[in-house]
S.K.: 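Handing you a structure now.
All values reported here derive from a predicted model rather than from experimental measurement. So that the names make sense, note that chain A is the first sequence line, chain B the second, and so on, each numbered from 1.
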Amino acid sequence: MSSSVEPTNLMEAIVSLAKRRGFIYSSSEIYGGFNGFFDYGPLGAELKKNIRDCWWNDMVRRREDIVGLESSIIMHPKVWEASGHVAGFTDPLVDCKVSKMRYRADQLFFSPVIVDGKIVGYVSALESEKTTEDLQSAAESFKRKKALQGTLTPVTPKDFTEAQEAEIALIPSPATGEPGSLTAPRAFNMMFQTNVGAMSDASSVAYLRPETAQGMFVDFKNVVDTTRVKLPFGIAQIGKSFRNEITPRNFIFRSREFEQMEMEYFIHEDADWAKCHEEWIVWCETWLKSVGLPDSHLSRYTHPKEKLAFYSRGTVDIMFKYPFGVQELWGIAARGNYDLTQHATASGKPQEIFDETTKKKFVPHVIEPAVGVDRILLAVLCAAYAVEDVPDEKGNIEQRTVLRLSPRLAPFKVAVLPLIKNKELLVGRARDLYTKLKRKYAVFYDDGGAIGKRYRRQDEAGTPWCVTIDFDTIEKPGDTFTLRERDTMQQRRITEAELFALLDEHVY
RNA sequence: GCGGCUAUAGUUUAAUGGUAAAACCUCUGCCUUCCAAGCAGGUGUCGUCGGUUCGAUUCCGACUAGCCGCUCCA
């Protein structure tokens, strides 16, 4: 039924629809746009709000063990020193001037080639399961090529961030195999800086938060002391974060200003963190399916142990199959007690909980599910977008573009349409119904053009239902309307009470 | 940031060294008894800045933005 669309064309079609129907515009468009920033139009704002509301309701309001928080975007600069972002939120990058390839310095390995105890040259290799073997065989062929005699010392892999200045000129580029083309690693901190107060000097530097998580850690004691929470419990937050990405890419997938939904779930230091971690992964997967992402597009990626940050015990990403590839959607990290410990040390304020049974104090450990609102929104749009071949009354095939958004997320839940607009009674009843529905739901009223055109317009906006006030409504007993379903295009008659019941069931 | 390609109406695309065209969308009016009907109208600083030229949307350069790759991640 759905016609197959090429991935890049599919992405272009979605971007085009998003613009045309008022979901997403590029930021500052009249000034030529601004790379990495986007605006959400009337429909996009509704869709995004619905994603936030669904998450907040399911994560906070419908649970007994999680409370909400809204911390400030600009926090004390010491927060980011303690969290490690000032020193560590960087990507050391190395360029090969000849091949124009770019490498992350910590993923590029090298070793001196030592023959009879003397360094005779260098070899390099990219990170893989067999980096050491690659380096070893490179060293052996190096020795062979130079026709050197003597004993080859086994290679000692070091990553490029450890390379001495003198060594950099001697290390061959993995692309060319020749030395002399690699640059020294350049650090690039992804935090946006600003100045607070009237003076703009070093003492006034502050950062736009690169993640919302630190707000939960910094306010941990406040929440514990003021809200009677007991372990295990979580603190959740939705808010904007900012990262000065080198290359924003793939529409809203990677942007410089984005919105996160994060939750820090604090558990006893002796609790079974692995079990808790798995439970949260399952929770997140279930949630994604509940907002309409198909199982077939979801997968898991478990970060290999050796690539984990030193404080992390395990990280699993829930991946989504976007048109441009399988990419990260939701990261669920077991962070141990690293963050609270860091803030306790940096602030001098203990971040501990008292265990009534053991009579001992301890720093709780944490499981962190972190997801981007914009990424969910993009995934939802991609999953919902479909172009169908539909026969018209003469049997000719024409195309119908439809967004199969879940009723929970759809910007408008229902459109109210008088069958024709030059009959006072139809319009009057339609306006009356519209006014009633509007008190509780996002509803759209449309009386322009032929009825079929209005149905299709709503299909593109993702509205799950249309109700049409027709002549049966005003002439026959029962006060019923035509209910037209977006996905099946089927129609049935429905009363006002039944319509409210239908919405109440599907929109929550 | 580096390399390649690109930029014309809200969208998708034409044409042209002499101030631009179509379809769809949108808006107004008429009409319309269930799947993008019809009729009549309305809506456009060729991404920005500079250069060549009598004259640039067209040729050249820079900038900005987009796509693809390197890279990154919520």
S.K.: Please examine the side chains of Leu409(A) and Cys54(A), heavy atoms only from C-beta on, and report whether any two atoms are closer than 4.5 Å.
M.R.: yes

S.K.: Whole angstrom is fine here: how far is it from CD1 in Ile376(A) over to P in C73(B)?
M.R.: 19 Å

S.K.: According to the Watson-Crick and G-U wobble definitions, with both distances under 3.5 Å, which nucleotide is paired to C59(B)?
M.R.: G51(B)

S.K.: Does any N or O in the side chain of Asp470(A) come within less than 3.5 Å of the main-chain N or O of Asp472(A), such that one atom is a donor and the other an acceptor?
M.R.: yes

S.K.: Rounded off to whole Å, could you give me the CZ-to-P distance for the Arg256(A) and A74(B) pair?
M.R.: 17 Å

S.K.: What contact category does Phe251(A) fall into here, base, sugar-phosphate, or nothing, at under 4.0 angstrom with non-hydrogen atoms?
M.R.: sugar-phosphate

S.K.: Using a 3.5 Å distance criterion without hydrogens, assess whether the side chain of Arg456(A) forms a donor-acceptor pair with backbone atoms of Ile451(A).
M.R.: no

S.K.: Could you tell me how far U11(B) sits from U26(B) if I compare only their C1' atoms? Round to whole Å.
M.R.: 11 Å

S.K.: Hey, does the side-chain of Arg375(A) have a donor or acceptor N/O within less than 3.5 Å of a partner on the base of C73(B)?
M.R.: yes

S.K.: Ignoring hydrogens and angles, does a donor from either the side chain of Gln458(A) or the base of A36(B) sit under 3.5 Å from an acceptor on the other?
M.R.: no

S.K.: Under 4.0 Å, counting only non-hydrogen atoms across every strand here, what does Glu257(A) touch: a base, just sugar-phosphate, or nothing?
M.R.: nothing

S.K.: Taking only the P atom of each, what is the distance from G47(B) to U6(B) in whole angstrom?
M.R.: 14 Å

S.K.: Across the strands shown, which category fits Thr473(A) at heavy-atom distances under 4.0 angstrom: base, sugar-phosphate, nothing?
M.R.: nothing

S.K.: Calculate the interatomic distance between Gln399(A) atom CD and C35(B) atom C1'; express it in whole Å.
M.R.: 15 Å

S.K.: Tabulated below should be each protein N or O lying under 3.5 Å from an N or O of nucleotides 24-32 of chain B; please produce it.
M.R.:
| residue | atom | partner | partner atom | Å |
| --- | --- | --- | --- | --- |
| U26(B) | OP1 | Arg457(A) | NH1 | 2.6 |
| U32(B) | OP2 | Asn422(A) | ND2 | 3.3 |
| U32(B) | O4 | Lys421(A) | N | 3.2 |

S.K.: Now, which nucleotide makes the Watson-Crick or G-U wobble pair with C5(B), with each of the two distances under 3.5 Å?
M.R.: G66(B)

S.K.: Go nucleotide by nucleotide along RNA chain B from the 5' end; which of Glu259(A) and Ser16(A) gets its closest nucleotide reached first?
M.R.: Ser16(A)

S.K.: Check whether Phe192(A) forms a cation-pi arrangement with Arg243(A) (NZ or CZ under 6.0 Å from the six-membered ring centre, at most 45° off the ring normal).
M.R.: no

S.K.: Among C73(B), A74(B), U33(B), which nucleotide has an atom closest to any side-chain atom of Val371(A)?
M.R.: A74(B)

S.K.: Phe471(A) stacking on U33(B): centroids under 5.5 Å, ring planes under 30°?
M.R.: yes

S.K.: Main chain of Trp273(A), side chain of His365(A): is a donor-acceptor contact present, judged purely on distance under 3.5 Å?
M.R.: no

S.K.: Remember a base hit wins even if backbone is also touched, and classify Leu329(A) as base, sugar-phosphate or nothing at under 4.0 Å, heavy atoms.
M.R.: sugar-phosphate

S.K.: Let me know the distance between CD of Glu245(A) and C1' of C73(B), rounded to the nearest Å.
M.R.: 6 Å

S.K.: Please confirm whether the ring centroid of Phe251(A) lies under 6.0 Å from the ring centroid of Phe38(A).
M.R.: yes

S.K.: Are any of Lys19(A)'s side-chain N or O atoms less than 4.0 Å away from OP1 or OP2 of G10(B)?
M.R.: no

S.K.: Once you apply the 3.5 Å cut-off to both distances, tell me the Watson-Crick or G-U wobble partner of U28(B), or none.
M.R.: A40(B)

S.K.: Quote, to the nearest angstrom, the P distance that separates C67(B) from G29(B).
M.R.: 39 Å

S.K.: Please report the distance separating the P of C39(B) from the corresponding atom of U57(B), rounded so that it comes out in whole Å.
M.R.: 36 Å

S.K.: For A65(B), is there a stacking contact with Phe34(A), counting only centres under 5.5 Å and planes under 30°?
M.R.: no

S.K.: With nearest nucleotide decided by heavy atoms, which residue, Ser26(A) or Trp330(A), maps closer to the 5′ end of RNA chain B?
M.R.: Ser26(A)

S.K.: Can you check the distance between U43(B) and A23(B), where both ends of the measurement are the P atom (answer in whole Å)?
M.R.: 16 Å

S.K.: For the pair made of CZ in Phe242(A) and C1' in C73(B), what is the distance, rounded to whole Å?
M.R.: 17 Å

S.K.: Distance between the C1' atoms of U8(B) and A56(B), in whole angstroms?
M.R.: 14 Å

S.K.: State whether Tyr445(A) and Arg431(A) meet the cation-pi test: NZ (Lys) or CZ (Arg) under 6.0 Å from the six-membered ring centroid, and within 45° of the perpendicular axis.
M.R.: yes

S.K.: Glu368(A) CD to C73(B) P: how many Å, rounded?
M.R.: 14 Å

S.K.: Does the side chain of Glu460(A) reach to within under 4.5 Å of the side chain of Arg400(A), using non-hydrogen atoms?
M.R.: no

S.K.: Base, sugar-phosphate, or nothing: which does Gln260(A) touch, judged by heavy atoms less than 4.0 Å apart?
M.R.: sugar-phosphate

S.K.: What is the distance, to the nearest angstrom, from the OH atom on Tyr455(A) to the P atom on C35(B)?
M.R.: 8 Å

S.K.: Do the numbers put Arg375(A) on top of the ring of Phe253(A), so that NZ or CZ is under 6.0 Å from the six-membered ring centre and no more than 45° off the axis?
M.R.: yes

S.K.: From C-beta outward on Arg484(A), which listed nucleotide comes closest to its side chain: U33(B), A36(B), C35(B)?
M.R.: C35(B)

S.K.: If I pick the C1' atom on C30(B) and the same atom on A37(B), what distance separates them, to the nearest angstrom?
M.R.: 14 Å

S.K.: Using ring centroids (six-membered ring only for Trp), state whether Phe220(A) and Phe217(A) fall under 6.0 Å.
M.R.: no

S.K.: So what does Gln491(A) touch, heavy atoms closer than 4.0 Å: a base, only the sugar-phosphate, or nothing?
M.R.: base

S.K.: Is U16(B) paired to anything, Watson-Crick or G-U wobble with both distances less than 3.5 Å, and if yes, which nucleotide?
M.R.: none

S.K.: Just the rounded figure in Å: distance from P of C34(B) to CD of Gln490(A).
M.R.: 18 Å

S.K.: Determine the Euclidean distance between corresponding C1' atoms of G50(B) and U12(B); express it in Å to zero decimal places.
M.R.: 31 Å

